[in-house]
A.B. asks: 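This structure is in structure tokens; I'll ask about it shortly.
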Amino acid sequence: MNNISKTDYENLLKKVKNIEAENKKLVRQLHSNEKLMDTFRLNLTTRENFYKMIQADKLKQELYINLFLKNCPDIFFLLDSNMKYLLGTHTASRLMNIDNPAILTGREFQSIATRYFPRDLGTVLLTAINEIILSSAPDNLERRNLTSCS
């Protein structure tokens with residue numbers, strides 16, 4: 001067997017200890033990285049679950065809105081701040097003699113009132129909406145003046 005000098009032995013021992021220390025450091029980093037990855041997976045799963053909850057809530061709200069619109073006996077429609085049609089009840093669609101109310105979405109209400117409602121009713125609606133806007137619109141919103149059906 002080869003005899004090594006005491007100095008060489010001590011140098012080898014130091015190298016082994018350095019390797020062991022480096023190994024322990026790498027094991028700690030590995031555990032730390034695994035914890036970070038678990039946290040990331042948990043956060044990702046939480047986000048995915050939250051997104052799924054939001055989607056389910058949105059679908060439920062759409063279902064309720066559609067049930068309301070389909071079953072409400074009143075004439076009801078919703079306009080955006082630019083007086084564009086967003087949605088309405090089936091009663092309103094029947095009054096306008098429209099099978100698919102989605103064709104109205106995004107159109108200006110004034111053009112809908114003049115085209116789809118009987119003339120007298122369109123004029124009454126536009127006048128009523130104009131009065132509502134002028135009387136209840138906050139000062140910071142643009143107030144629109146709708147003209148009557150002609």
Side-chain angles (χ1 to χ4, degrees), residues 1-117 122 125-126 128-147:
M1 199 182 234
N2 274 348
N3 287 338
I4 58 172
S5 70
K6 186 176 181 179
T7 308
D8 289 340
Y9 176 77
E10 288 173 355
N11 286 337
L12 282 175
L13 190 59
K14 284 180 186 177
K15 285 182 181 181
V16 168
K17 287 182 181 183
N18 286 339
I19 290 172
E20 285 177 349
E22 186 66 27
N23 188 30
K24 285 180 182 180
K25 182 180 172 185
L26 290 172
V27 167
R28 280 193 304 273
Q29 284 179 341
L30 178 64
H31 289 301
S32 176
N33 288 343
E34 286 173 347
K35 287 179 184 177
L36 284 173
M37 288 184 67
D38 287 343
T39 302
F40 175 75
R41 279 190 211 104
L42 182 63
N43 287 341
L44 188 60
T45 302
T46 303
R47 279 190 195 148
E48 289 170 351
N49 289 339
F50 186 65
Y51 178 75
K52 287 176 185 177
M53 276 182 11
I54 290 172
Q55 291 296 82
D57 225 21
K58 182 180 174 189
L59 289 173
K60 189 190 293 185
Q61 288 174 0
E62 287 174 359
L63 173 70
Y64 290 144
I65 288 172
N66 287 330
L67 284 171
F68 169 76
L69 294 175
K70 199 175 236 181
N71 296 305
C72 180
D74 298 327
I75 297 170
F76 172 83
F77 44 87
L78 183 64
L79 308 175
D80 70 8
S81 61
N82 294 317
M83 299 305 295
K84 292 191 178 183
Y85 185 91
L86 295 175
L87 50 87
T89 59
H90 284 275
T91 306
S93 300
R94 286 193 301 271
L95 178 68
M96 292 184 280
N97 200 21
I98 295 174
D99 293 331
N100 182 11
I103 65 169
L104 301 176
T105 303
R107 287 189 177 179
E108 288 193 12
F109 185 73
Q110 185 171 349
S111 70
I112 292 170
T114 57
R115 181 170 179 189
Y116 294 102
F117 285 104
L125 285 172
L126 289 172
I129 289 172
N130 196 36
E131 286 176 14
I132 291 168
I133 290 170
L134 292 175
S135 67
S136 65
D139 291 335
N140 61 344
L141 289 179
E142 176 186 344
R143 294 180 175 178
R144 297 177 153 267
N145 189 358
L146 300 174
T147 59

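Values reported hereafter were calculated over all heavy atoms of this structure, with side chains retained and with hydrogens, waters and symmetry mates removed.
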A.B. asks: Using ring pair (Phe, Tyr, Trp, His ring centres under 6.0 Å) as the criterion, list what pairs up with Y116, not counting sequence neighbours.
C.D. replies: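 Here no residue qualifies.
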A.B. asks: Which atom pair, heavy atoms only, marks the closest approach of Y85 to L79?
C.D. replies: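 Smallest heavy-atom distance, with atoms named: CA-CD2, 3.7 Å.
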A.B. asks: Are any side-chain N or O atoms of N82 and backbone N or O atoms of K84, one a donor and one an acceptor, separated by less than 3.5 Å?
C.D. replies: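 No, N82 side chain to K84 backbone: no donor-acceptor pair under 3.5 Å.
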A.B. asks: Taking atom CG of N97 as the centre, does the number of heavy atoms from other residues, nucleotides or ligands within less than 6.0 Å exceed 12?
C.D. replies: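 Not buried by this count: 12 neighbours or fewer within 6.0 Å.
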A.B. asks: Mind jotting down which residue pairs meet the salt bridge (Lys or Arg N to Asp or Glu O under 4.0 Å) criterion with at least one end in residues 46-74? Sequence neighbours excluded, please.
C.D. replies: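 For residues 46-74, and leaving out neighbouring residues, there are no salt bridge (Lys or Arg N to Asp or Glu O under 4.0 Å) pairs at all.
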A.B. asks: Looking only at non-hydrogen atoms, find the nearest pair between I4 and L12 and report the distance.
C.D. replies: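 Looking at all heavy atoms of both residues, the closest pair is CD1-CD1, 4.1 Å.
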A.B. asks: Out of curiosity, F117 CZ to L125 CG, how far, rounded to the nearest 0.5 Å?
C.D. replies: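 Going from CZ on F117 over to CG on L125, the span is 5.0 Å.
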A.B. asks: Please check this pair: side chain of T91 against backbone of C72, looking for a donor-acceptor N/O pair closer than 3.5 Å.
C.D. replies: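 Present.
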A.B. asks: Roughly how far, to the nearest 0.5 Å, is the CZ atom of F109 from the OG1 atom of T114?
C.D. replies: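 Here the rounded value is 9.5 Å.
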A.B. asks: Calculate, to the nearest 0.5 Å, the distance between atoms CG and OG1 belonging to L44 and T39 respectively.
C.D. replies: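 The OG1 atom of T39 is 12.5 Å from CG of L44, to the nearest 0.5 Å.
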A.B. asks: Hey, what do you get for OG (S5) to CG (N11), rounding to the nearest 0.5 Å?
C.D. replies: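 Result: 8.0 Å between the selected atoms.
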A.B. asks: R115: which residues meet the side chain to side chain donor-acceptor pair (under 3.5 Å) condition with it, sequence neighbours left out?
C.D. replies: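 Per chain and number, R115 pairs via side chain to side chain donor-acceptor pair (under 3.5 Å) with no residue.
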A.B. asks: Among all residues two or more places apart in sequence or in another chain, which pass the side chain to side chain donor-acceptor pair (under 3.5 Å) test with R41?
C.D. replies: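 Per chain and number, R41 pairs via side chain to side chain donor-acceptor pair (under 3.5 Å) with D38.
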A.B. asks: Can you tell me how far CD1 of I112 sits from CE of M96, rounded to the nearest 0.5 angstrom?
C.D. replies: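 Answer for the CE-CD1 pair, M96 versus I112, is 6.5 Å.
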A.B. asks: To check you understand the geometry: which heavy-atom pair defines the closest contact between T89 and I75, and what is its length?
C.D. replies: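 Minimum heavy-atom separation between T89 and I75: OG1-CA, 3.8 Å.
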A.B. asks: The test is side-chain contact (heavy atoms from CB on, under 4.5 Å); show your working for F77 and L87 and say whether it passes.
C.D. replies: CA-CA 6 Å; F77 44 87; L87 50 87; over 6 Å; no
A.B. asks: Sequence neighbours left out, what passes ring pair (Phe, Tyr, Trp, His ring centres under 6.0 Å) with F68? Give chain and number order.
C.D. replies: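 Testing F68 for ring pair (Phe, Tyr, Trp, His ring centres under 6.0 Å), a comparison that skips the adjacent residues, returns F76.
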A.B. asks: First locate atom CG of N66, then atom CG of N71, and finally report the distance between them rounded to the nearest 0.5 Å.
C.D. replies: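 Reported to 0.5 Å precision, the distance equals 10.5 Å.
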A.B. asks: Can you name the nearest heavy-atom pair linking Q110 to L126, along with the distance?
C.D. replies: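 Taking Q110 first and L126 second, the nearest heavy atoms are CA-CD2, 3.9 Å.
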A.B. asks: In residues 26-37, what donor-acceptor pairs under 3.5 Å come from side-chain atoms, sequence neighbours left out?
C.D. replies:
residue, atom, partner, partner atom, Å
N33, ND2, Q29, O, 3.4

